[in-house]
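What follows is a single structure, written as structure tokens, with notes after it.
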Amino acid sequence: MTQNSPGARAARRAFVLQGRFRRFFSNLGPGLITGAADDDPSGIATYSITGASFGYTPLWTALFSFPLMAAVQMMCARLGMVTGLGLAGVIRVRYPRWILWSACVLLLVANIFNIAADLGGMADVTALLTGVRSLYWTPVYAILLVSLLFWTSYRLIARIFKWLTLALFAYIAAAFLAHPDWHAVLRGTLIPRVEWSGAYWATLVGILGTTISPYLFFWQAAQEVEEDIALGKATVEQREGATQRELRRSRNDVLTGMFFSNLVMYFIILTTAATLHVHGKTSIATARDAAEALRPLAGNGAYWLFSLGLLGAGMLGVPVLAGSCAYAIAEAKNWVGSLEVHPPLAHGFYSVVAIAMAVGLGLDYAGLNAVKMLFWSAVLNGVLAPPLLVLVVLLTSRADVMGEHRNGPLLRWLGWTCAGVMLIATVVMFVTAFTA
């Protein structure tokens with residue numbers, strides 16, 4: 001075969017494409033991990049409840065929320081890259097203490113309840129598989145995750161457990177095997193429709209809260225700082241600033257992570273709508289109920305498939321929740337704070353991790369239903385997110401913070417739209433809860 005033969009040219013093109021593909025995925029990092037952590041057990045439960053309760057009609061929320069969440073996470077990533085500080089660190093430098101600690105309190109309240117919900121969800125699916133009561137599994141997972149965070153690193157945890165989250169892509173196959181009404185799917189995807197009911201608006205706030213979550217704002221910025229520290233940039237001065245190439249790489253990373261996050265969201269709603277809602281099962285009270293959506297694909301193995309996906313998501317999500325609490329408090333107090341630093345050198349940071357996990361574990365023994373707690377933790381995130389969104393948009397739009405990399409018109413518009421939509425949805429949820 002000559003060098004200019006069709007076969008040789010095709011081989012060269014394939015080699016070039018393979019190289020580009022490898023480079024693209026090698027450049028993915030914080031954004032991809034953040035997107036994977038976004039589909040935590042709370043998200044899985046919320047999307048499952050949404051599809052079972054309302055069928056195909058909420059599918060439009062996946063398209064609607066994608067540009068909003070991508071814009072917000074891009075702002076947070078750029079903030080960390082340009083300033084060399086996490087979100088709480090920038091707030092500490094630029095705003096009064098009461099704003100800083102108000103932001104931290106909002107984060108802690110949302111995260112600790114979310115930790116409790118995710119640990120409870122993980123214990124619930126393990127009980128489904130083993131027959132051993134969930135109350136015995138909750139401390140096992142809490143101790144395991146704290147130990148992993150203390151003695152390894154989140155990067156190692158992510159490398160190990162992100163493969164388990166691939167089980168969530170089973171919803172894509174299950175959706176097709178369930179033979180959904182594709183006309184209704186298309187209509188639900190492209191035509192927004194809302195209902196004037198407390199249940200619908202609580203679900204909408206939950207969807208927004210689990211896709212645009214406060215902990216992800218702090219985590220994204222902190223992970224960009226961690227990336228620089230890993231490159232040897234130990235001081236803020238060394239980390240300040242970002243090249244256009246670095247910002248483009250970060251943009252691709254964030255967009256990819258958020259796309260995969262919303263793809264999973266879309267197909268969980270679609271699958272539960274096609275398998276549960278159309279057969280009259282419009283409420284999900286247990287992990288067993290939620291797992292039934294995967295029966296068209298896995299048969300009796302649906303419980304295993306669902307459980308593996310949720311456990312993998314929890315192993316990614318809970319460390320992010322506890323870690324973002326620790327990043328926020330460490331940055332607010334100007335402590336050493338990093339999951340790459342050993343505990344003796346960052347005892348305050350790791351103390352926050354342990355305390356957040358312990359309080360979350362304590363909430364699990366309050367007797368709340370695990371699935372309901374997963375759902376309402378998403379709603380709580382949606383309620384508490386708007387004030388933090390306002391801070392993110394304000395900071396990333398300031399020339400004295402971001403310099404030439406401050407938000408352009410599109411990012412500002414998307415950021416304010418996101419904050420406004422989440423605030424309006426929260427207000428309407430409370431109004432409909434008392435009037436509808």
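Here the side chains of Met373 and Phe113 are in contact, with some heavy-atom distance below 4.5 Å. Side-chain contact between Asp40 and Ile44: absent, with no pair of heavy atoms (C-beta onward) separated by less than 4.5 Å. A heavy-atom distance below 4.5 Å is found between the side chains of Gln73 and Phe217. In this structure the side chain of Met74 never reaches within 4.5 angstrom of the side chain of Met258, judged on heavy atoms. Proximity of Met81 to Ser250: side-chain heavy atoms (C-beta onward) are separated by under 4.5 Å at one or more points. Put simply, the side chain of Leu79 does not reach to within 4.5 Å of the side chain of Cys76, judged on heavy atoms. Leu276 has its side chain within reach of Glu292: a pair of non-hydrogen atoms, C-beta onward, lies under 4.5 Å apart. Residues Val371 and Phe375 have side chains not in contact (no heavy-atom distance under 4.5 Å, counting atoms from C-beta outward).
Checking side-chain atoms of His279 against main-chain N and O of Thr275 turns up a donor-acceptor pair under 3.5 Å. Side chain of Ser53 to main chain of Thr50: no donor-acceptor pair is present (N/O by atom type, distance under 3.5 Å, no hydrogens or angles). Looking only at distances, a side-chain donor or acceptor of Asn369 sits under 3.5 Å from a matching main-chain atom of Ala285. Side chain of Ser213 to main chain of Tyr215: no donor-acceptor pair is present (N/O by atom type, distance under 3.5 Å, no hydrogens or angles).
Expressed to the nearest 0.5 Å, how far CD1 of Ile207 lies from CD1 of Ile49 amounts to 10.5 Å. With rounding to the nearest 0.5 angstrom, the CD1 atom of Ile329 is 4.5 Å from the SG atom of Cys104. For the atom pair OG1 of Thr61 and CG of Leu208, the computed distance is 7.5 Å after rounding to the nearest 0.5 Å. Note: Phe150 CZ to Ser147 OG = 8.5 Å, rounded to the nearest 0.5 Å. Atom-to-atom distance recorded for Ile112:CD1 and Cys325:SG is 5.5 Å, nearest 0.5 angstrom. Interatomic distance, Glu224 CD to Leu85 CG, rounded to the nearest 0.5 Å: 13.5 Å.
Under the side chain to side chain contact (heavy atoms under 4.5 Å, CB included) rule, Val205 has a single partner from Thr426, Thr46, Val428, which is Thr426.
Applying the side chain to side chain donor-acceptor pair (under 3.5 Å) rule to pairs touching residues 307-332 yields Asn111-Ser324, Gln223-Tyr327, Glu226-Tyr327, sequence neighbours excluded. Every pair tested for salt bridge (Lys or Arg N to Asp or Glu O under 4.0 Å) that includes a residue from residues 349-373 fails, sequence neighbours excluded, so the list is empty. The salt bridge (Lys or Arg N to Asp or Glu O under 4.0 Å) contacts involving residues 118-137 comprise nothing, where partners must be two or more places apart or lie in separate chains. The stretch residues 51-62 participates, sequence neighbours left out, in no salt bridge (Lys or Arg N to Asp or Glu O under 4.0 Å) pair at all.
By the 30° and 60° cut-offs, the orientation of the rings of Phe176 relative to Trp182 is tilted.
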With ring pair (Phe, Tyr, Trp, His ring centres under 6.0 Å) as the criterion, how do Phe64 and Trp60 come out once you've worked through the C-alpha distance, each side chain's angles and the decisive distance to 0.1 Å?
CA-CA 6 Å; Phe64 177 77; Trp60 64 271; 5.7 Å; yes

For this session: Might you work through the side-chain contact (heavy atoms from CB on, under 4.5 Å) test for Arg239 and Val225, ending with a clear yes or no?
Result: CA-CA 7 Å; Arg239 296 193 297 268; Val225 175; 3.5 Å; yes

Steps toward side-chain contact (heavy atoms from CB on, under 4.5 Å) verdict (Leu297, Tyr171): CA-CA 8 Å; Leu297 173 67; Tyr171 282 98; over 6 Å; no

Review point. Could you walk me through whether Ile143 and Met357 pass the side-chain contact (heavy atoms from CB on, under 4.5 Å) check?
Key: CA-CA 9 Å; Ile143 293 169; Met357 200 77 80; over 6 Å; no

**Request:** Show your working on side-chain contact (heavy atoms from CB on, under 4.5 Å) between Thr57 and Arg187 and close with a plain yes or no.
**Result:** CA-CA 8 Å; Thr57 55; Arg187 186 170 61 246; over 6 Å; no

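Nearest heavy-atom pair, Gly206 versus Ala378, reported as atom, atom and distance to 0.1 Å: O-CB, 3.5 Å. Of all non-hydrogen atoms in Ala184 and Tyr56, the two that sit nearest each other are CB-CD1, 3.6 Å. Listed here is the closest heavy atom pair of Ala274 and Val278: O-CG2, 2.7 Å. Contact detail for Pro319 and Gly314: the closest heavy-atom pair is CD-O, 3.7 Å. Between Val254 and Ala70, the shortest heavy-atom distance links the atoms CG1-O, 3.8 Å. Considering every non-hydrogen atom in both Ala346 and Val341, the closest pair reads CB-CG1, 4.1 Å.
The environment of CH2 in Trp304 is sparse: at most 12 heavy-atom neighbours from other residues, nucleotides or ligands sit within 6.0 Å.
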Name the atoms and distances for all side-chain donor-acceptor pairs under 3.5 Å in residues 381-396, with sequence neighbours left out.
| unit_1 | atom_1 | unit_2 | atom_2 | d |
| --- | --- | --- | --- | --- |
| Asn381 | ND2 | Ser377 | O | 3.1 |
| Thr396 | OG1 | Val392 | O | 2.7 |
| Thr396 | OG1 | Val393 | O | 3.4 |
| Thr396 | OG1 | Asn407 | ND2 | 2.7 |

Under 3.5 Å donor-acceptor pairs involving side-chain atoms of residues 188-195, not counting sequence neighbours:
| unit_1 | atom_1 | unit_2 | atom_2 | d |
| --- | --- | --- | --- | --- |
| Thr189 | OG1 | Val185 | O | 2.7 |
| Thr189 | OG1 | Tyr266 | OH | 2.7 |

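Tyr303 carries Arg288 over the face of its six-membered ring, with the cationic atom under 6.0 Å from the centre and within 45° of the normal.
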